[in-house]
Amino acid sequence: MTGQVGRVKVIDGKYEVLRELSTQGMVTLSEVRAAEGVTRHVAWFAVATPADRQVFHAYRTALRALEPAGLTDVVARPGAYYAVWKPVAGQPLAALLEQKVRPQETVDALNATADTLAAQGYALDDADLVTENHQVSVAYLRPLTLPRTPEDIAARNAQTLAPLKAGRVRRRREPGAWLSFVPGLLLLGGAAYLGAQAVQIYLNPPVREVVSVTGQEAKVAARSLTGAGFRVEYTQGQAGGRAIGSIIRQDPAGGTTLPRGRLVILTVNNPPAIEVPALEEMNVGQARDALKDRAMLVGKVIKIDGTLSNTPEGRVIAQLPEAGSSAQRGQSVQLLISTGISAKETWLPNLTGLTFDQARAHARAAGLVVTSVERQPSDQPENTVLEQTPAPYVRVDVGSPVKLTVASARYSAPSRPAGNLPLPPAYVPPTPVQPEAPQGTEPTTEPVTPDAVPATPDTGSTGTGTTTPPAPETAQPTTPLTPEIAPTEPQTRSVNFEYVFPGDLPAGNYTVVVRDDDGERQIMPPTAAANLANRRANSSEAAVVRGNAVFVIRRDGVDYATVTP
């Protein structure tokens with residue numbers, strides 16, 4: 001959370017940047033001027049992703065365990081992640097390693113510091129170390145974007161401590177060492193007494209009352225118990241309404257009497273993180289319902305003028321924490337609510353021919369709200385805007401409602417249903433008729449063919465003039481054509497949509513369409529999941545369908561569920 005005051009860069013509103021010392025990955029180390037003119041170093045983390053946030057939290061955990069002498073403050077909140085360091089007096093580690101003779105006490109302290117850093121995943125060269133009065137202090141700890149392996153840490157420490165082998169270590173000299181034989185004689189005389197006391201303490205260790213630390217911060221609670229002589233171990237748990245990192249249980253409970261050195265187990269409140277939902281453009285009631293689904297609360301509500309953001313009255317302009325960030329159950333979200341757009345008029349262009357989504361975007365940009373959508377059968381593509389209120393270019397107050405009439409699929413029901421066509425009767429072929437032989441002639445055994453029948457004699461020729469009748473033609477059976485049966489048209493009917501959306505409805509925009517033999521038609525426009533979760537949805541009027549019909553619920557264009565009427 002940096003800003004500019006004039007030409008001076010300021011961090012978090014209280015640290016004036018004098019110069020930037022280094023930049024390593026997402027961490028920028030700057031020299032700043034703090035309150036009362038003191039100089040400090042600020043390690044600023046540019047957190048943009050959940051992975052960046054995880055890197056910072058791992059760094060903060062290491063700082064809490066190491067308690068560096070140079071650390072003065074660690075800040076972790078949305079938009080501001082940084083650590084503040086102060087100068088530490090002492091001799092740099094490089095100067096100690098260049099000495100030919102080094103005190104034994106300093107070498108021992110350096111080895112102990114190396115072990116402490118390694119336990120937190122850091123090597124000696126990851127820290128700026130100083131020595132003073134045989135003590136080694138951490139003046140600054142550089143963040144790590146990737147964790148180091150134990151083998152890498154051991155190799156780096158061996159390289160850093162290699163100069164110790166080239167020099168000489170000055171052994172610790174105990175004062176009065178030349179009189180060591182005198183205490184030895186005294187020890188021999190009192191060995192029996194001390195042994196008896198040790199056995200008595202071992203068999204009857206001193207007991208103390210375990211103090212109650214429930215509700216305290218984990219680090220404070222551990223110090224209180226270890227100061228009383230008890231050992232402490234942590235375990236993770238979760239409890240609503242408790243501060244994160246506080247103690248929610250202890251075993252044994254407070255008030256129990258135990259011998260010193262016994263183990264006390266502390267359960268630290270560490271609930272799993274959840275994602276903050278997007279609340280922009282919702283009213284307070286809708287925002288409260290959306291947060292309730294995530295077990296979160298509406299926090300402080302601040303009302304500001306919505307003129308600059310063109311936000312209608314009662315709608316959310318911004319939120320803190322921002323949408324998509326990590327939060328804990330029970331955490332509150334602050335809201336900035338618009339008081340409306342003061343003393344301002346607006347207008348809408350001609351929306352006819354645009355899609356519903358395009359028209360709604362124009363209304364939102366003009367500071368208006370689409371509150372009513374009416375459907376009208378039309379030959380235009382579905383969801384095309386046919387009419388609008390207010391009319392194009394009419395000036396109205398910002399925040400006024402907008403009514404749209406959009407096209408729906410046109411259909412026409414048949415005048416009367418078509419019945420089944422009757423089937424034709426079964427075909428029976430006719431019986432062939434045999435011709436009779438003429439009288440006075442003998443029947444012939446050869447068949448009479450049409451070529452053997454003489455033609456009709458000429459009336460002018462001589463003869464009797466008698467004609468032979470032609471042989472009758474045999475009737476050939478014909479197959480009657482079977483009429484084609486026209487297909488029966490599917491009948492139309494009216495169906496209603498009814499569905500109860502689950503409480504854990506995934507985030508997204510949901511639409512409902514009806515699918516029948518004529519295709520698909522939308523019956524519910526895109527609606528956010530926060531407005532549908534745990535609610536019953538039904539159509540205001542029956543949908544007329546033809547043939548087989550089914551309602552399809554889609555989430556962001558992908559089929560989510562089907563409902564058969």
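Values below: every heavy atom of this structure, side chains too, minus hydrogens, waters and symmetry copies.
Contact between Lys14 and Val10 at its shortest, heavy atoms only, is N-CG1, 3.7 Å. In terms of heavy atoms, Ala222 sits closest to Leu266 at N-CD1, 4.3 Å. When every heavy atom of Thr39 is checked against every heavy atom of Pro87, the shortest pair comes out as O-CD, 3.8 Å. Nearest approach of Ala528 to Asn509, heavy atoms of both residues: CA-OD1, 3.6 Å. In terms of heavy-atom proximity, Ala327 sits nearest to Met296 at CB-CE, 3.8 Å. Considering every non-hydrogen atom in both Ala218 and Val268, the closest pair reads CB-CG2, 4.1 Å.
Within the structure, salt bridge (charged side-chain N to carboxylate O under 4.0 Å, His left out) contacts touching residues 273-296 (residues at least two apart or in different chains) are Glu281-Arg364, Asp289-Arg535.
Once rounded to the nearest 0.5 Å, the distance linking CG of Leu18 with CZ of Arg33 reads 4.5 Å. Rounded to the nearest 0.5 Å, atoms CD1 (Ile265) and OG1 (Thr235) are 7.5 Å apart. Note that CG of Leu368 is 5.0 Å distant from CG of Leu348, once rounded to the nearest 0.5 Å. The line from CG of Leu71 to OH of Tyr140 is 11.0 Å long, rounded to the nearest 0.5 Å. Rounding to the nearest 0.5 Å gives a distance of 10.0 Å between OH of Tyr81 and CG of Asp52. Rounding to the nearest 0.5 Å gives a distance of 10.0 Å between CD1 of Ile337 and OG1 of Thr311.
The environment of Glu322 atom CD is dense: over 12 non-hydrogen atoms of other residues, nucleotides or ligands sit within 6.0 angstrom. Around CD of Gln120, the count of heavy atoms belonging to other residues, nucleotides or ligands within 6.0 Å exceeds 12.
No donor-acceptor pair closer than 3.5 Å links the side chain of Arg375 to the backbone N or O of Ala409. Remark: side-chain polar atoms of Thr527 are paired, donor with acceptor, to backbone N or O of Pro525 under 3.5 angstrom. Remark: the backbone N or O of Pro321 is paired with a side-chain donor or acceptor of Gln319 at under 3.5 angstrom. A donor-acceptor pair is defined here as one N or O able to donate and one able to accept, closer than 3.5 Å; no such pair exists between the side chain of Gln135 and the backbone of Glu132. Under the 3.5 Å distance criterion, the side-chain polar atoms of Gln24 are left unmatched by any main-chain donor or acceptor of Val27. Without hydrogens or angle criteria, Thr346 side chain to Val398 main chain gives no donor-acceptor distance under 3.5 Å. Judged purely by atom type and a 3.5 angstrom limit, Gln522 has no side-chain atom pairing as donor or acceptor with the backbone of Glu382. Gln286 places no side-chain N or O within donor-acceptor distance of the main-chain N or O of Arg315, the cut-off being under 3.5 Å. Remark: side-chain polar atoms of Asn283 are not paired, donor with acceptor, to backbone N or O of Gly314 under 3.5 angstrom. Proximity of a side-chain donor or acceptor of Thr256 to a complementary backbone N or O of Val210 within less than 3.5 Å is not detected.
Between Asp126 and Arg148 a salt bridge is recorded (basic side-chain N to carboxylate O distance below 4.0 Å). Salt-bridge annotation for Asp516 and Arg493: absent, with no side-chain N of the basic residue lying under 4.0 Å from a carboxylate O of the acidic one.
Ring orientation note: the planes of Phe501 and Tyr510 are nearly perpendicular, at an angle over 60° on the 30°/60° scale.
Arg515 and Asn548 share no side-chain donor-acceptor pair at under 3.5 Å.
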Pairs of donor and acceptor atoms involving the side chains of residues 58-68, under 3.5 Å and at least two apart or interchain, shall be tabulated with distances.
from, atom 1, to, atom 2, distance (Å)
Tyr59, OH, Leu141, O, 2.5
Arg60, NH2, His57, ND1, 3.2
Thr61, OG1, His57, O, 2.9
Glu67, OE2, Lys219, NZ, 3.2
Glu67, OE2, Arg223, NH2, 2.8

Output a table of donor-acceptor pairs, distance under 3.5 Å, between side-chain atoms of residues 351-359 and any protein atom two or more places apart or on a different chain; print 'none' if there are none.
from, atom 1, to, atom 2, distance (Å)
Thr352, OG1, Asn350, OD1, 3.0
Thr355, OG1, Gln358, N, 3.3
Thr355, OG1, Gln358, OE1, 3.4
Gln358, OE1, Thr355, N, 3.2

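Annotation: side chain of Phe497 is not in contact with side chain of Val514 (no heavy-atom distance under 4.5 Å). Ile553 is not listed as a side-chain neighbour of Arg555, based on a closest heavy-atom distance of 4.5 Å or more. Between Glu16 and Val32, the closest side-chain pair of non-hydrogen atoms is not below 4.5 Å. Two residues are said to be in side-chain contact when any heavy atoms from C-beta on lie closer than 4.5 Å; Arg521 and Ser408 fail this criterion.
With sequence neighbours left out, the side chain to side chain contact (heavy atoms under 4.5 Å, CB included) criterion links Glu374 to Lys403, Thr405. Applying the ring-ring contact (aromatic ring centres under 6.0 Å, His included) criterion to Tyr234, with sequence neighbours excluded, gives no partner residue. In this structure Ser212 satisfies the side chain to side chain contact (heavy atoms under 4.5 Å, CB included) test together with Thr214, Gln250, sequence neighbours excluded.
Taking the six-membered ring where the residue is Trp, the centroids of Tyr499 and Phe551 are separated by 6.0 Å or more.
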* To do: Please report the C-alpha distance between Asp128 and Arg142 in whole Å, then the side-chain angles of each, then the deciding distance to 0.1 Å, and finally whether the salt bridge (Lys or Arg N to Asp or Glu O under 4.0 Å) criterion is met.
  => CA-CA 8 Å; Asp128 294 341; Arg142 281 174 285 278; 2.9 Å; yes
